[in-house]
Amino acid sequence: MSEEPGPAPSGTVDVPLDADAFEARSPHTLAESDRQHAFWADAAADAVEARVEAAEEAGERDPDDPIVVKGGISPSGVPHLGNMNEVMRGYFVAEVLRERGHEVRQVFTTDDRDPLRKVPRKLADLDGNVVGLGEVEDAGALGRNLGKPYTAIPDPFGCCDSYGDHFSELIRRSAEQLGVDIEIVSNTELYESGRLEDATRHVLANADRAREVLANYQNKVDADYVPFNPICAECGTVTETVTGIDLEAGTVDYRCTEMEAGDTTIGGCGHEGTATFREGKLPWRFEWPAQWRVLGVDFEPFGKDHAEGSWPSGDHIARAVFGDRPPVPMVYEWFTLNGEPFSSSAGNVVLAGEVLDLLEREVVHFFFAKDPKRARDFDITTLDQLVDEFDRFEQVILGEVEAPETERERAARVYPFVVDAVRPERVRIAYTFAAVLGMTDDTDLRETMARRSGHIPEGTPEWAVADALDRVPLARNWAVRTDNAYNYRLAETLPAVEFDDDTTAALADLADRIEADDPDDEALQEAIYGTARDHGVDVGDFFTAGYRLFLDEDQGPRLGPFLAALDSAFVVRRLRLEG
RNA sequence: GGGCUGAUAGCUCAGCCAGGCAGAGCGUCUGGCUCUUAACCAGACGGUCGAGGGUUCAAAUCCCUCUCAGCCCGCCA
C-alpha cells in the first residue's frame with residue numbers, strides 16, 4: 001500500500017509538521033484573556049469574535065454564517081451533571097455572543113460511532129433512573145458487543161434504536177431540562193450521510209502528512225499506520241488493519257484483526273473485506289478536527305483531560321493536515337460530587353434531572369456560571385448554601401442588599417444569563433425554611449405559614465407567590481434525600497406521647513387560650529411561655545412537648561408562629577390530646 | 001521523572017489581568033426581641049492570601065523555587 005505523497009494541502013504550506021516548531025495554542029483561553037471581565041463568558045466571547053473577524057478577513061468564512069459553538073461526548077453511559085459542562089459552558093458563551101448581536105448555533109456531537117470498550121456497571125433508563133447492569137433484560141448482550149459502535153449495539157432497555165441512541169436521548173433530555181437548546185449531531189449520521197466523506201478522503205490522501213503530525217503525539221504511529229478504522233462487515237467491530245486505500249472509489253481494504261481496547265483486547269474475526277469511507281471512522285485525533293471542519297466550529301469547551309493531548313494534536317492536525325483554523329478552545333475544570341470524582345461505575349453520579357428535583361433551574365445555571373478554571377464540588381448536603389449564595393446574588397443585583405462594588409458588577413453582568421427574566425417583584429423563601437414548609441403537603445397551609453413568617457410580604461403578586469412556593473417541594477426533596485435537620489413531618493395523627501399531669505394541664509390550658517383568643521403568632525409564642533409558667537412546667541420541657549405533639553420530634557421551628565399558622569381547631573384538638 | 005491547571009476566614013466564594021488598608025455570605029459566639037428553639041435585628045470573633053525567596057516606596061496580585069491536589073505525558077476517547 002503506497003500513496004503518492006502529493007502536494008501539501010492548500011493553507012498548510014507554512015505549518016511545520018514537527019511539534020517542537022509548531023507551538024499549539026494554549027487552550028487556557030480564560031487565563032490568557034487580555035481583557036478583564038466580570039463574567040468569564042465575556043472573555044471567551046472576545047476570543048471568538050477575534051477568531052471570526054480574522055477568518056472573515058482571510059476569506060475563510062461568510063460573514064452571514066452563524067457562529068457555531070460546539071460540545072460533545074460519547075454516549076457511553078449515564079450522562080451526569082459533570083458532563084453537562086459540555087452543554088452549559090458553551091451555552092453561556094453562545095448567549096453572550098447573541099447579546100452582542102451575533103447569530104449563534106449551539107451544536108453538540110454525540111460521538112456515537114466510538115466503539116464500546118468496556119461493559120458499563122451502571123445504566124440509566126430514559127427517565128434518568130440509574131440501574132445496575134444486572135437489572136436490564138439481556139446484560140450479556142453488552143459483553144458480546146464490545147468493539148462495536150454504540151449505534152450498532154441494541155438498546156439494553158429496548159426503547160431506542162440502539163445503545164448510542166438511548167444515551168444520546170438522555171443527553172438531549174438533560175440539556176432540555178436545563179433549558180438549553182442544542183442541535184444534537186450524531187457522529188454516526190455524519191459518516192453514514194457522507195458529510196464526513198470529503199474530510200476522510202482528505203486525511204487519507206494526505207496520509208503521510210497525517211502520520212508525520214500525529215507521530216509527534218502518539219507513539220504507535222509508524223509507517224504502516226492508516227488514519228482510518230473500518231467497521232468489519234462480518235463481525236461489526238471497529239478494526240484497524242487497513243491493507244489498501246482506493247481514493248477514487250472511496251474505499252479501503254482491511255483485515256479484521258484484534259484491537260486493544262483499554263485493558264482488554266478485542267479479538268478480530270479475521271475477515272478480509274472492503275469498506276467505504278462511510279463504513280468506518282477516523283481515529284479521534286483526526287475526527288475532532290474533521291468535525292470542526294464539517295460543522296464550521298468557532299468555539300469548543302472541553303474538560304481538562306483534553307488539554308494536554310487531544311487539543312494540541314487537534315490544533316496541529318487542523319492546521320497542518322486540513323489547512324483549517326481551529327476553533328477557540330476553552331478548558332474547564334471538572335466537578336466532583338460530594339467530594340468524590342463523578343464515577344458511573346462507582347455509582348457516584350447525579351443526573352441533571354435529579355438535580356432539578358432539588359434546585360430551581362436558575363440555581364443550577366448559577367452554579368455553571370462560576371469560573372470554569374476552578375474545580376468545584378457539587379455537595380448535595382450543603383445545597384442550602386448554594387441556594388443562599390444565589391439568593392444573595394439576586395438581591396445584590398436588585399439593589400436589595402449592600403455589597404462591594406466588584407460583587408455588584410459581577411452580579412449585574414452574570415444574573416441576566418442565569419435567569420429567564422429579571423423580575424424585581426420575585427420572592428424567594430429561604431431554602432431551609434422552604435424545606436421546613438415541606439412538613440405538610442397542604443399547599444394552602446404552606447402559603448399561610450410562609451406569609452405569617454414574613455417570607456412572603458404583603459402585596460406580592462400572585463405569580464411571585466406561586467413561584468416562591470415552587471421551591472418548597474424541591475427543598476423538601478433535599479431534606480428527605482439527605483435526611484437532615486430540616487426533614488420535619490407534620491404529625492397527621494396524635495403521636496404516642498406521655499406527659500405528666502402538670503404538662504397535660506398546661507397543654508389543655510393553652511388549648512383554651514387559643515380557642516378563646518385566636519392569638520397571632522407573637523401572642524401565641526407569649527401564651528406558650530405564660531402557660532408553662534402558670535403551671536410550673538419548665539419552659540424548655542414545654543416546648544419539647546409541643547414539638548413531640550405536632551412533629552414527633554424534640555426540636556422544631558419557632559413554635560408560636562408555627563402553631564399560629566396551623567388550623568386552630570386542629571391545634572386545639574391536638575393540645576387536648578384528642579387526635 | 002516532565003508538562004498544564006489550581007490553592008484566599010471553620011464552610012462557600014469574590015478580589016489577581018493593569019501592585020495601593022484582607023473582603024462578602026454562611027457558620028460560630030455575644031447581645032436584642034416580655035421569650036433557650038433552626039424564620040428576624042445588632043455586634044463581635046475569625047487570615048502566615050499553601051510555603052520560601054526576589055522585584056518594588058508598596059505584593060494575595062508580578063518573577064523564581066518548593067509543597068499539596070487534579071489532569072496529561074501508553075492505547076482509546
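Hydrogens, waters and symmetry mates play no part in the numbers below; they use all other heavy atoms, side chains included. Naming convention: chains lettered A, B, ... in sequence-line order (proteins, then strands); numbering from 1 in each chain.
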Novice: Could you check which nucleotide pairs with B:A77 in any of the strands shown, counting Watson-Crick or G-U wobble with both distances under 3.5 Å?
Specialist: none
Novice: Checking side chain to side chain contact (heavy atoms under 4.5 Å, CB included) against A:Val355, which of A:Leu474, A:Val350, A:Val363 comes through?
Specialist: A:Val350
Novice: When A:Ser74 is tested against each of A:Asn187, A:Asp111, A:Asp114 for side chain to side chain donor-acceptor pair (under 3.5 Å), which residue passes?
Specialist: A:Asp114
Novice: Under 4.0 Å between any heavy atoms, over every strand shown, what does A:Ser74 touch: base, sugar-phosphate, or nothing? Just pick one.
Specialist: sugar-phosphate
Novice: Please report, rounded to the nearest Å, how far the C1' atom of B:C4 is from the NZ atom of A:Lys373.
Specialist: 14 Å
Novice: To the nearest Å, give me how far apart CH2 (A:Trp334) and C1' (B:C4) are.
Specialist: 13 Å
Novice: If only side-chain N and O atoms of A:Arg374 are considered, is one of them under 4.0 Å from the OP1 or OP2 phosphate oxygen of B:A7?
Specialist: yes
Novice: Taking only the side-chain nitrogens and oxygens of A:Gln218, find out if one of them lies under 4.0 Å from OP1 or OP2 of B:C76.
Specialist: yes
Novice: Quick check: any donor-acceptor pair below 3.5 Å linking the side-chain of A:Tyr488 to the base of B:A38?
Specialist: yes
Novice: Students often get this wrong, so: under 4.0 angstrom with heavy atoms, is A:Ala307 touching a base, only sugar-phosphate, or nothing?
Specialist: nothing
Novice: Using a heavy-atom cut-off of under 4.0 Å over every strand shown, decide if A:Gln525 touches base, sugar-phosphate, or nothing.
Specialist: base
Novice: Would you say the base of B:A77 and the side-chain of A:Ser310 have a donor-acceptor pair closer than 3.5 Å?
Specialist: yes
Novice: Any salt bridge between A:Asp442 and A:Arg446, counting N to O under 4.0 Å?
Specialist: no
Novice: Measure the distance from CG on A:Asp554 to P on B:A38 and round it to the nearest whole Å.
Specialist: 15 Å
Novice: Rounded to the Å, how far apart are A:Asp377 CG and B:G70 P?
Specialist: 14 Å
Novice: Under 4.0 Å, heavy atoms only, any strand: does A:His37 hit a base, just the sugar-phosphate, or nothing?
Specialist: nothing
Novice: A:Arg376 CZ to B:G6 P: how many Å, rounded?
Specialist: 12 Å
Novice: Any strand is fair game: report the nucleotide pairing with B:C62 by Watson-Crick or G-U wobble, both distances under 3.5 Å, or none.
Specialist: B:G54
Novice: Does B:A22 have a Watson-Crick or wobble partner in any strand here, with both distances under 3.5 angstrom, and which is it?
Specialist: none
Novice: For A:Val539 and for A:His455, find the nucleotide of RNA chain B with the closest heavy atom, then tell me which residue's nucleotide is more 5'.
Specialist: A:Val539
Novice: Touch check for A:Glu526, heavy atoms < 4.0 angstrom, all strands: base, sugar-phosphate only, or nothing?
Specialist: base
Novice: Which atoms form the tightest heavy-atom contact between A:Val328 and A:Ala47, and what is the distance?
Specialist: CG2-O, 3.5 Å
Novice: Reckon A:Thr544 touches a base, only the sugar-phosphate, or nothing at all at heavy-atom distances under 4.0 Å?
Specialist: base
Novice: Applying the Watson-Crick and G-U wobble criteria at under 3.5 Å, what pairs with B:C4? Answer none if nothing qualifies.
Specialist: B:G70
Novice: For atom C1', what is the distance between B:U61 and B:A14, given to the nearest Å?
Specialist: 14 Å
Novice: What is the pairing partner of B:A42, taking Watson-Crick or G-U wobble pairs with both distances under 3.5 Å in any strand?
Specialist: B:U30
Novice: Is the shortest side-chain N/O distance from A:Tyr529 to OP1 or OP2 of B:U37 below 4.0 Å?
Specialist: yes
Novice: Looking at A:Arg89, A:Glu86, A:Lys304, A:Lys373, which hits side chain to side chain donor-acceptor pair (under 3.5 Å) with A:Tyr332?
Specialist: A:Glu86
Novice: Taking only the side-chain nitrogens and oxygens of A:Lys281, find out if one of them lies under 4.0 Å from OP1 or OP2 of B:A77.
Specialist: yes
Novice: Both distances under 3.5 Å, Watson-Crick or G-U wobble: report the partner of B:C35, or none.
Specialist: none
Novice: If you measure from the Lys or Arg side-chain nitrogens to the Asp or Glu carboxylate oxygens, is any gap between A:Glu360 and A:Arg471 under 4.0 Å?
Specialist: yes
Novice: Could you tell me whether the phosphate oxygens of B:C76, OP1 or OP2, come under 4.0 Å of any side-chain nitrogen or oxygen in A:Lys220?
Specialist: yes
Novice: If I take atom CZ in residue A:Arg548 and atom C1' in nucleotide B:U37, what distance separates them, rounded to the nearest angstrom?
Specialist: 15 Å
Novice: By nearest nucleotide on RNA chain B, pick out whichever of A:Thr432 and A:Tyr217 is the more 5' one.
Specialist: A:Thr432
Novice: Whole angstroms only, please: what is the NZ-C1' distance between A:Lys304 and B:C71?
Specialist: 4 Å
Novice: Would you call A:Glu189 and A:Arg113 a salt bridge, taking side-chain N to carboxylate O under 4.0 Å as the test?
Specialist: no
Novice: Please give, in whole Å, the distance from B:C26 C1' to A:Tyr431 OH?
Specialist: 16 Å
Novice: If you look at every strand shown and take non-hydrogen atoms under 4.0 Å, does A:Arg113 touch a base, only sugar-phosphate, or nothing?
Specialist: nothing
